[in-house]
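Before any comments, here is the structure.
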There are 2 protein chains.
Amino acid sequence: MTHPHRVVIIGGGFAGLSAALGLRRTAVDVTLVDRRNFHLFQPLLYQVATGGLSPANISATLRSVLRRQQNVRVLLAEVRDFDLANRRVILTDGVLDYDTLVVATGAGHHYFGNDHWESLAPGLKTIEDATEIRRRIFMAFEAAERAERPEKVRELLTFVVVGGGPTGVELAGALAEIARDTLTHEFRSIDPADARIVLLEGTDRVLPSYPGSLPARAKKQLEQLGVMVRTGTLVSDIAADHVTIRAGEQTEQIPTRTILWAAGVKASPLSGRIASLAGIETDRAGRVALEPDLTVAGYPELFVIGDMASLACGPGMSLPGVAPVAIQQGKHVARTIRKRLQKKPTPAFRYRNYGTMATIGRHRAVAVFGPLRFSGYVAWFAWLFVHLMNLIEFRDRVLVFIEWAWNYVTWNRGARLITGKDHLLPAFTEMGRPEEAIPPGHSNHLGR
Amino acid sequence: MTHPHRVVIIGGGFAGLSAALGLRRTAVDVTLVDRRNFHLFQPLLYQVATGGLSPANISATLRSVLRRQQNVRVLLAEVRDFDLANRRVILTDGVLDYDTLVVATGAGHHYFGNDHWESLAPGLKTIEDATEIRRRIFMAFEAAERAERPEKVRELLTFVVVGGGPTGVELAGALAEIARDTLTHEFRSIDPADARIVLLEGTDRVLPSYPGSLPARAKKQLEQLGVMVRTGTLVSDIAADHVTIRAGEQTEQIPTRTILWAAGVKASPLSGRIASLAGIETDRAGRVALEPDLTVAGYPELFVIGDMASLACGPGMSLPGVAPVAIQQGKHVARTIRKRLQKKPTPAFRYRNYGTMATIGRHRAVAVFGPLRFSGYVAWFAWLFVHLMNLIEFRDRVLVFIEWAWNYVTWNRGARLITGKDHLLPAFTEMGRPEEAIPPGHSNHLGR
């Protein structure tokens with residue numbers, strides 16, 4: 001008995017989902033494997049981390065996106081290994097045979113050899129990361145409201161964002177808006193506007209991959225919001241109550257309880273496994289070096305796409321790990337599979353760069369579309385429009401739009417819940433100095 | 001130096017928040033203490049547990065609700081004990097002096113001496129409870145999609161709700177809608193509509209506190225949705241893969257992986273502490289027996305309100321633990337404090353019952369307003385209207401309305417994320433029988 005061509009796709013992010021959707025009119029049997037039951041619109045994850053949106057606003061269950069596509073089966077499962085010779089994917093609890101394999105499991109945080117920093121300075125990749133960061137941000141203001149010594153208040157109201165790429169810039173801008181606008185009138189002992197937001201960047205400018213004057217314009221907009229931008233600054237150590245930084249020969253400690261990591265990403269561990277099985281290279285970020293058609297050398301039936309893929313796009317430059325690259329790669333894979341079944345020639349992948357943008361805050365953003373560069377109002381509205389149009393499900397577009405319109409009018413953020421196991425204040429203060437507790441006998445009407 | 005009258009309110013639920021809001025024009029100094037930073041609209045928590053709404057849709061941060069009320073200070077803290085003689089609240093990390101104390105920390109689950117059932121059959125009181133129940137429900141369908149033996153599929157697709165009060169009825173109705181409508185077309189190996197929803201109730205009818213024919217009409221509407229209603233049935237044991245029930249002399253095992261507990265509530269532990277300090281009684285549900293003005297006998301400055309309060313409302317009957325009672329009690333406390341400061345006489349608390357209602361599903365509900373009784377369409381629209389109007393913040397009204405309108409039109413549920421630490425399928429299957437794993441060599445295109 002013959003079977004239709006079997007395509008197994010690992011990962012339901014932008015790359016994998018776009019490959020699955022691209023195969024909807026092709027006579028293949030698609031199995032989409034993911035550890036999670038939903039696709040996550042990662043470009044807006046920082047909005048969840050800063051209380052502007054709910055997790056469900058930027059997520060769509062894979063099953064609901066693909067419900068009408070009869071040639072796709074969604075499998076909630078975890079991949080343990082590959083058997084490339086026998087064309088098999090080894091799951092933690094089973095095996096999948098394939099004719100074509102598409103691996104697109106994305107990237108995680110990169111602490112550059114300091115993995116113990118992860119619990120002290122969480123990064124932003126998953127829904128759980130986002131709600132944990134949200135908890136830390138709003139818990140810091142709560143603890144500051146109850147702290148007594150001014151230096152303790154200052155420590156709690158200092159927020160350090162490590163990394164001046166788009167995610168770091170977005171987080172720092174949103175933090176500044178929370179402190180200056182969202183929390184106004186909500187506290188009695190502290191003024192949230194006293195918060196210091198420090199953005200650290202190792203190179204000489206923020207958004208270093210942006211052309212021309214945009215990095216300088218982004219820096220100016222951040223500073224207008226009250227963010228202290230420190231470029232040419234590296235993190236040399238992170239502790240529960242401070243971060244140690246180095247700029248040139250100078251070192252300095254910044255006392256803080258909230259450190260957010262946006263300094264680097266590293267391809268999913270499956271990337272290294274594929275490289276070692278296939279005998280090929282990975283780059284510094286752990287991404288797999290690929291053939292021009294996105295396959296692995298020697299394995300024409302094996303595609304690696306999205307944030308795991310390393311593809312040169314110029315001298316010493318490779319394609320960035322952004323959604324448009326992932327989506328176009330997914331479509332390319334679907335097209336290639338279709339053409340192969342039709343026995344037609346298959347082209348190399350070519351990325352069409354329609355533009356890049358990063359948001360900084362209300363009415364503040366930078367954007368580049370081909371030769372055109374924008375900042376401020378125009379860039380911000382362009383950013384808003386593009387992101388709303390791209391949210392996978394119409395439903396989310398409507399809800400996110402209303403959530404944003406509401407936030408815009410009221411300067412409020414509606415999803416500021418402190419949730420999770422450690423939602424209690426003592427758990428937070430226990431992180432560092434228990435002697436900070438209110439001494440017995442302290443009255444609520446004395447002191448600050 | 002004199003100070004204004006100090007009111008300390010413990011708990012920011014309906015009762016405590018309503019007391020705080022009721023004091024907005026009174027010259028007192030209010031401290032509202034809560035372990036969480038948000039007020040939770042508990043009547044809609046089952047919508048979060050069943051993926052219809054996001055946690056933030058039914059929550060409002062206490063600080064944002066009270067931001068403009070200058071005489072209130074919100075404190076994120078946990079109460080450890082009371083010193084009633086010296087009028088002090090002992091926090092885990094400090095002390096608060098009061099002139100008037102209002103305790104309103106609500107209720108938790110009641111497992112009637114079987115506390116070890118809690119991890120096997122979670123109840124629904126907190127946001128974390130709701131997202132955990134949501135995880136279990138949707139993970140059961142995922143595991144069923146991957147199970148091979150028909151009896152295993154049947155076990156995974158059996159959902160047992162213990163307790164036929166309003167929460168149990170709402171959960172059972174929503175589960176039936178998920179199985180029959182929401183998940184249609186989403187699975188390839190199972191038909192979600194095969195799911196069995198079993199609602200267990202110890203007395204002889206569901207919604208036993210509802211008058212006249214409403215319990216029978218609720219049962220009929222549940223059965224129309226496909227829920228198996230079993231009254232006169234007690235749970236005698238709960239295990240990871242079955243529940244043992246007893247009806248009269250008959251015992252029976254129902255194989256299931258998802259058991260939800262809606263069988264009883266027990267007042268917060270602070271209730272027992274107050275009773276023992278003041279030398280008064282608690283009732284079976286752990287609630288404090290009160291004076292007619294909601295104070296504790298011998299302590300006119302100490303109010304206990306909301307789900308912790310036991311107050312007779314007829315022979316052998318006490319006021320139910322519902323939001324309208326809590327809100328009216330909070331207002332009563334505020335009014336009593338104001339009148340005392342004005343040296344005016346203070347009346348006893350009197351509950352005005354404007355009506356009760358429970359929803360069962362789309363177009364299905366029961367409601368009683370004084371002598372009027374409704375079921376079906378009219379009751380459902382009344383339920384929708386009353387709940388929307390009562391959501392504390394306007395913002396949430398708008399978003400919840402759109403979320404519901406969207407769900408109504410599309411039969412979808414937008415917040416079906418499986419989140420948390422145990423979001424992976426293996427963690428779920430490990431709960432019981434590891435031998436259920438797909439055997440090595442099993443192909444994705446063989447078998448079911």
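Throughout, protein chains are lettered first and strands after them, A, B, ... in sequence-line order, and every chain is numbered starting at 1. Note that this is a predicted model, so its numbers are computed, not measured.
Heavy atoms of A/Thr131 lying under 4.5 Å from chain B are absent altogether. The part of A/Leu66 that comes within reach of chain B is its backbone (N, CA, C, O), which places non-hydrogen atoms under 4.5 angstrom from that chain. Using a 4.5 Å cut-off between heavy atoms, A/Arg188 touches chain B through its side chain atoms alone. Heavy-atom distances place both the backbone and the side chain of A/Gln70 under 4.5 Å from chain B.
Side chain of B/Arg63 to backbone of A/Phe187: no donor-acceptor contact under 3.5 angstrom is found. Checking side-chain atoms of B/Asn37 against main-chain N and O of A/Arg416 turns up a donor-acceptor pair under 3.5 Å. For the pair B/Arg146 (side chain) and A/Leu75 (backbone), a donor-acceptor distance under 3.5 Å is absent.
The structure places CE of A/Met139 at 5.5 Å from CG of B/Leu76, a figure rounded to the nearest 0.5 Å. In this structure, CZ on B/Arg67 lies 8.0 Å from OG1 on A/Thr182, to the nearest 0.5 angstrom. In this structure, A/Ile58 CD1 and B/Leu417 CG are separated by 9.0 Å, a value rounded to the nearest 0.5 Å.
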